[in-house]
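Please read all numbers here as calculations on a predicted model, not as lab measurements. Naming convention: chains lettered A, B, ... in sequence-line order (proteins, then strands); numbering from 1 in each chain.
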There are 2 protein chains.
Amino acid sequence: MKRQDKEIYYTISDLATEFDISTRSIRFYEEKNLISPRRTEGNQRIYSRRDHVRLKLILRGKRFGYSLEEISEIIGLTDFDLDEVEQIRKTLAMGQKKIIDIRERINDLKLLEEDLVSFQGKMDERLKDLTADE
Amino acid sequence: MKRQDKEIYYTISDLATEFDISTRSIRFYEEKNLISPRRTEGNQRIYSRRDHVRLKLILRGKRFGYSLEEISEIIGLTDFDLDEVEQIRKTLAMGQKKIIDIRERINDLKLLEEDLVSFQGKMDERLKDLTADE
DNA sequence: CCTATATTTTACGTTAACGTAAATTATTAA
DNA sequence: TTAATAATTTACGTTAACGTAAAATATAGG
């Protein structure tokens, strides 16, 4: 991580280390247009604060089982050269759906947690039965 | 879905229809030892209430991005012929970790939701700016 | 009983998301 | 400057989780 002109920059391995992923993955996300770092004179990638944020979002999405394609629908493509208003409208609509989706997931997770806790309870009982050999 | 001797049974396509997945997937989960239906005389699979429950758990797990392998760690293998006490202890320990994991996920999801909502807010503003052309 | 569906096994095909290796060029540290 | 690292592109390999097709058998409905 380096500072220059008050801005923060990262190399590809900075990010790889910080997020514990491979550089290959990072380049792969770029292939899929999820991030678009600038380049140095020598053609090496430099990641800005914005790229850093996007990468964090990508990984967060992945943890919830979203595919990269879905993630790109959520956080939007990086090439932002279409009609801006349309682009924003689309993104907003998408965002709404995703928020609803996420609320559902939160609910489902709570249910799953309940299931597991109750399952734990049953197993616990069973274990007590089995080990009560006195 | 059929009843017989007070028990409920499902054919493979019953489940496929109910859960909106392919029969291939269901057989695949069986290959991975996640479910183990009994068979009719004619060698066709019959799924019990227990199989139904397990399938629901499998699909729930998948929605959260768990791999089938992780899911099998959560809900346990179907062939339950090892030392039962050990088996239960293992399952309990696993379960604890998973519950913690799930609580983390719930938290993360809430954060993601916040992010998205605030992103929506910003986009909204931007849109207002752009369309305020009077 | 016969025909239309369902189901079974076997086996090869597919896609997403990287892993890995090789050859080349850049950057950093002594 | 030079040797050790780091990064780049290109391209083939891998794995999970099914899809799909074929050939044979089972079951259900008229």
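In the displayed structure, A/Glu69 atom CD is contacted under 6.0 Å by at most 12 heavy atoms of other residues, nucleotides or ligands.
Between B/Arg24 and B/Glu31 there is a salt bridge, since a side-chain N of the basic residue sits under 4.0 Å from a carboxylate O of the acidic one.
Distance A/Glu30 CD to D/dT10 P: 12 Å, rounded to the nearest Å. The CG-C1' distance, from A/Asp14 to D/dT5, rounds to 14 Å in whole Å. If you measure from atom OH of B/Tyr9 to atom P of D/dT27, you get 16 Å, rounded to the nearest angstrom.
In this view, A/Phe19 and A/His52 satisfy the ring-ring contact (aromatic ring centres under 6.0 Å, His included) rule, not counting sequence neighbours.
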request  = Tell me, with the steps shown, if A/Leu59 and A/Tyr29 meet side-chain contact (heavy atoms from CB on, under 4.5 Å).
outcome  = CA-CA 10 Å; A/Leu59 298 177; A/Tyr29 301 150; 4.1 Å; yes
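Between the side chain of B/Ser13 and the main chain of B/Ala16, no donor-acceptor pair closer than 3.5 Å is present.
OP1 or OP2 of D/dA7 sits under 4.0 Å from a side-chain N or O of A/Thr11. Proximity of A/Thr40 to the phosphate of C/dA26: no side-chain N or O atom is located under 4.0 Å from OP1 or OP2.
Shown are B/Ile21, B/Ile26, B/Leu34, B/Val53; of these, the side chain to side chain contact (heavy atoms under 4.5 Å, CB included) with B/Ile58 is made only by B/Leu34.
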message = Across nucleotides 8-20 of chain C, 5' to 3', mark each nucleotide with B, S or - according to how protein heavy atoms within less than 4.0 Å reach it.
response = BB-B-----BBBB
